[in-house]
Number of protein chains: 4
Amino acid sequence: MLVPMKSPGRRKTTRRKPRQRRARQTVEAILDAVVRILKRERFDTITTNHIAEVAGVSIGSLYQYFPDKRAIFVALHGRHIEEIDRRIQRTLVENASSSLEGLLRAMIDAMIDAHAGDPALYHLLSTEVPHRADGTMDFAVRLHGVFRLAIAARPGELKKGRNLDALAFVAANMVESLSHAALSQRPATLSLADKKKEILRAVLSYLHS
Amino acid sequence: MLVPMKSPGRRKTTRRKPRQRRARQTVEAILDAVVRILKRERFDTITTNHIAEVAGVSIGSLYQYFPDKRAIFVALHGRHIEEIDRRIQRTLVENASSSLEGLLRAMIDAMIDAHAGDPALYHLLSTEVPHRADGTMDFAVRLHGVFRLAIAARPGELKKGRNLDALAFVAANMVESLSHAALSQRPATLSLADKKKEILRAVLSYLHS
Amino acid sequence: MLVPMKSPGRRKTTRRKPRQRRARQTVEAILDAVVRILKRERFDTITTNHIAEVAGVSIGSLYQYFPDKRAIFVALHGRHIEEIDRRIQRTLVENASSSLEGLLRAMIDAMIDAHAGDPALYHLLSTEVPHRADGTMDFAVRLHGVFRLAIAARPGELKKGRNLDALAFVAANMVESLSHAALSQRPATLSLADKKKEILRAVLSYLHS
Amino acid sequence: MLVPMKSPGRRKTTRRKPRQRRARQTVEAILDAVVRILKRERFDTITTNHIAEVAGVSIGSLYQYFPDKRAIFVALHGRHIEEIDRRIQRTLVENASSSLEGLLRAMIDAMIDAHAGDPALYHLLSTEVPHRADGTMDFAVRLHGVFRLAIAARPGELKKGRNLDALAFVAANMVESLSHAALSQRPATLSLADKKKEILRAVLSYLHS
DNA sequence: CATGAATGAGTGTTCATTCAT
DNA sequence: AATGAATGAACACTCATTCAT
């Protein structure tokens with residue numbers, strides 16, 4: 001969860017039980033296998049047996065960790081969203097006393113860096129893997145909340161009379177979609193750094209308008 | 001197609017051959033059926049037989065118009081994109097001599113109005129129906145082209161030294177994603193009209209920055 | 001149904017629709033295939049695909065007629081029981097005015113002749129095919145009813161004071177199980193005719209006791 | 001084994017090795033578990049893992065005592081038949097000098113009492129658990145032998161000229177199936193004692209006829 | 001001997017697609 | 001063209017069985 005997480009505290013037990021560590025590894029291997037396959041095949045040609053094979057686990061083990069095929073894709077979306085959430089959360093906290101510009105710059109960096117490991121993954125997930133009711137969309141809502149908080153905490157930097165919801169709605173959407181676009185879209189004339197600068201400029205000029 | 005279409009000229013033959021009209025109707029019925037089903041079921045539970053049944057045609061007829069199941073979903077995406085393309089194209093032409101603000105306002109109206117008939121459809125298509133290589137994504141590229149043209153044609157309204165690609169990239173993405181967000185996202189405090197105003201404000205303040 | 005069937009009237013339409021005739025044939029082919037397989041394999045090694053293959057129909061067609069594997073075995077039991085029911089019913093009616101001895105002789109003949117076509121089938125069904133709640137056992141109850149009727153209609157042939165339920169219970173069970181035993185059990189010294197004679201003697205000496 | 005067992009002598013070692021006692025207990029626990037499950041589930045939904053769980057042993061242990069799934073059911077049938085066999089055998093010996101009526105009464109009692117502990121078990125085993133070639137059916141043959149012996153040993157109580165095989169065949173089958181019927185069939189008007197009396201009457205009137 | 005995680009062959013079943021009518 | 005019964009390839013998933021611990 002993004003906003004309501006008060007204490008970012010680490011788990012006390014750094015060492016989990018080997019059983020759990022093993023399970024985690026298997027789940028990760030399966031999700032990674034799905035990503036690998038998704039890059040070659042269309043969604044509807046993916047089979048659970050193929051996933052298991054590529055993941056290097058038996059089909060029986062796969063079903064030990066996932067109740068059915070759908071659950072694998074739900075988990076894949078979940079893993080991605082949680083990763084982004086975590087970064088956004090951290091950025092928000094770490095920039096609690098930064099200026100709006102500093103926070104936004106960090107936010108845009110976070111969004112883009114979060115995808116840098118596999119720039120194609122986001123596009124793959126959003127276009128190839130059905131996810132209507134998998135809680136995916138709620139990400140936008142949570143981001144809206146984060147921006148609401150961030151903006152509300154810096155009243156001095158805004159003109160009077162601006163609607164907080166409108167500002168958060170527009171700014172959150174800008175950061176999210178422009179960051180994604182920066183990664184998956186071409187304008188080859190622009191470097192990633194250039195795009196980041198432009199996104200920041202766009203959000204700031206809106207918030208200050 | 002969006003940009004490269006020079007003459008928007010109407011087809012000369014207003015009356016098509018009954019054969020073709022019938023075919024068009026059947027195709028439409030099938031695509032409408034898919035939409036209807038998509039609102040109730042998940043993508044992977046949809047069957048061609050069910051589509052045919054809901055469309056009121058025989059499964060044999062369905063295969064008369066679509067070579068295989070995938071083609072149905074490709075056509076569904078195609079129909080949607082073409083509809084938007086058509087509107088954007090028309091808006092661009094109709095506002096050839098408008099100010100940047102006028103054009104942008106019209107563009108935002110077009111994007112939003114295009115989805116007004118079925119506000120959930122876009123979200124459904126983009127989240128539930130796999131479409132990696134269906135030419136869907138190219139829409140963003142085409143929109144970039146449109147904005148490039150539109151901005152380049154109005155040099156007086158911009159500050160000197162701004163990079164045309166950057167401006168088009170950011171502006172096109174803002175209009176597209178904020179319009180979609182305006183339809184499918186909540187901030188219940190904001191009316192659609194409010195959102196339109198904010199989107200316009202955001203794009204303009206960026207372009208003028 | 002055995003007892004409660006008042007009018008034995010034939011279906012008016014001697015000629016069914018070809019669709020129905022075809023369906024009936026397919027169902028019969030499938031059930032016959034199961035019997036054929038059962039004679040070679042154990043119950044739990046039978047597969048639906050094998051059944052379909054032996055029946056000469058596609059697995060898809062098989063599932064057009066049976067919702068799942070179990071339904072095939074339920075139908076197999078059903079077919080057998082209905083066949084016996086029909087014969088018992090007919091015998092009862094045809095011997096409405098016979099003496100008790102005549103009726104019993106006919107009943108025993110009916111039971112045994114009903115299995116003559118495939119003497120091993122009954123044993124196969126009762127030992128190899130699970131059928132707890134398939135209405136199979138109700139056969140004994142129905143037979144009890146038939147015997148109750150038959151005995152009650154012939155009070156002159158019994159000693160006074162005999163309990164009708166007791167007589168029907170014992171007689172019905174004797175006819176059913178001795179008939180089955182006559183077919184599936186060896187005493188090779190005895191011909192089937194001898195066994196029939198002994199069964200009749202046993203039932204009569206009990207009823208007259 | 002029923003007939004060929006000459007000396008019923010007890011095992012000399014009352015105390016078995018703990019290893020064997022433990023093994024016996026585990027086997028019993030497993031068979032009991034199967035019975036318990038059979039009362040709730042259909043045969044084909046029973047799994048070895050479920051059996052092990054209900055029996056309170058690990059699946060590995062289960063396979064220590066049974067080579068495969070089928071063996072469990074074979075053993076279950078075996079346990080039941082041996083129990084009946086033992087009783088019949090004892091009854092035969094204990095009534096070596098009884099009259100035919102006394103022996104038959106004891107035999108019927110033995111058959112019925114043997115099932116009194118779990119009246120539903122016999123029906124369950126015979127209808128739900130496939131057992132074609134598990135030696136189950138041989139029970140009827142063995143019982144025939146027992147009756148042959150019993151009747152042959154009491155020539156004075158029969159009419160001259162009666163065929164010994166016929167008498168044994170009919171009598172053995174009557175006792176077996178009527179006893180089973182007495183337990184699992186309704187005629188609620190009849191008490192179990194009444195049924196016993198009627199069964200005895202039926203067998204005697206036949207043998208004396 | 002006991003355990004139970006892991007295996008993977010095998011099964012029931014579905015559903016895209018065909019084609020005789 | 002239209003139909004929809006029939007097909008059978010292919011898949012999700014189970015569960016009997018093994019074996020490392």
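Each chain gets a letter, A, B and so on, in the order its sequence line appears, and its residues count up from 1.
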If we call it a pair only when both distances are under 3.5 Å in a Watson-Crick or G-U wobble match, what pairs with [N]?
N      : result
E:dG8  : F:dC15
E:dT14 : F:dA9
F:dT21 : E:dA2

Whole angstrom value for the distance that separates [atom2] of [N] from [atom1] of [X]:
X     : N      : atom1 : atom2 : result
D:F66 : E:dC1  : CZ    : P     : 15 Å
A:L62 : F:dC15 : CG    : P     : 17 Å
A:E53 : F:dC11 : CD    : P     : 12 Å
B:I46 : E:dA16 : CD1   : C1'   : 14 Å
B:D44 : F:dA10 : CG    : C1'   : 16 Å
C:F43 : E:dT11 : CZ    : C1'   : 13 Å
A:I37 : F:dC11 : CD1   : P     : 12 Å
D:I72 : F:dA16 : CD1   : P     : 9 Å

Report summary line: Closest non-hydrogen contact found for C:V35 with C:L124 is O-CD2, 4.3 Å
Query raised in the report: When the nearest nucleotide of DNA chain F is assigned to D:G60 and to A:N49 on a heavy-atom basis, which residue is associated with the more 5' position?
Result: A:N49
Query raised in the report: Considering heavy-atom distances to DNA chain F, does D:D68 or A:R70 have its closest nucleotide positioned more toward the 5' end?
Result: A:R70
Query raised in the report: Contact class for D:I51 (heavy atom, under 4.0 Å): base, sugar-phosphate, or nothing?
Result: nothing
Query raised in the report: Looking across every strand, which nucleic acid part, if any, lies under 4.0 Å from B:T48 by heavy atom: base, sugar-phosphate, or nothing?
Result: base
Between [X] and [N], is there a side-chain N or O to OP1/OP2 distance below 4.0 Å?
X     : N     : value
A:R22 : E:dA6 : yes
D:S58 : E:dA2 : no
A:Y65 : E:dA6 : yes

Query raised in the report: Mind checking whether D:F73 and D:F43 have parallel, tilted or perpendicular rings, split at 30° and 60°?
Result: perpendicular
Query raised in the report: Does B:Y122 offer a backbone N or O that forms a donor-acceptor pair with the side chain of B:S126 under 3.5 Å?
Result: yes
Query raised in the report: Counting N and O atoms only, with roles assigned by atom type, does the side chain of B:H80 sit under 3.5 Å from a partner on the main chain of B:L125, one being a donor and the other an acceptor?
Result: no
**Report entry** 5' priority, DNA chain E, between B:P67 and D:G56 [closest heavy atom]
**Finding:** D:G56
**Report entry** Residue whose closest nucleotide on DNA chain E lies nearer the 5' end, A:V57 versus C:I59
**Finding:** A:V57
From the set [options], return the single nucleotide nearest to any side-chain atom of [X].
X     : options               : value
A:K69 : F:dG8, F:dC13, E:dG12 : F:dC13
C:Q64 : F:dT14, E:dA16, F:dT7 : F:dT7
D:T47 : E:dA5, F:dC15, F:dG4  : F:dC15
C:Y63 : E:dT11, E:dT13, F:dA6 : E:dT13

Report task. Walk me through it: do A:E128 and B:H131 pass the test side chain to side chain donor-acceptor pair (under 3.5 Å)? Result -> CA-CA 6 Å; A:E128 272 294 293; B:H131 55 276; over 6 Å; no
Query raised in the report: Is the closest side-chain heavy-atom distance between C:I59 and C:H50 below 4.5 Å?
Result: no
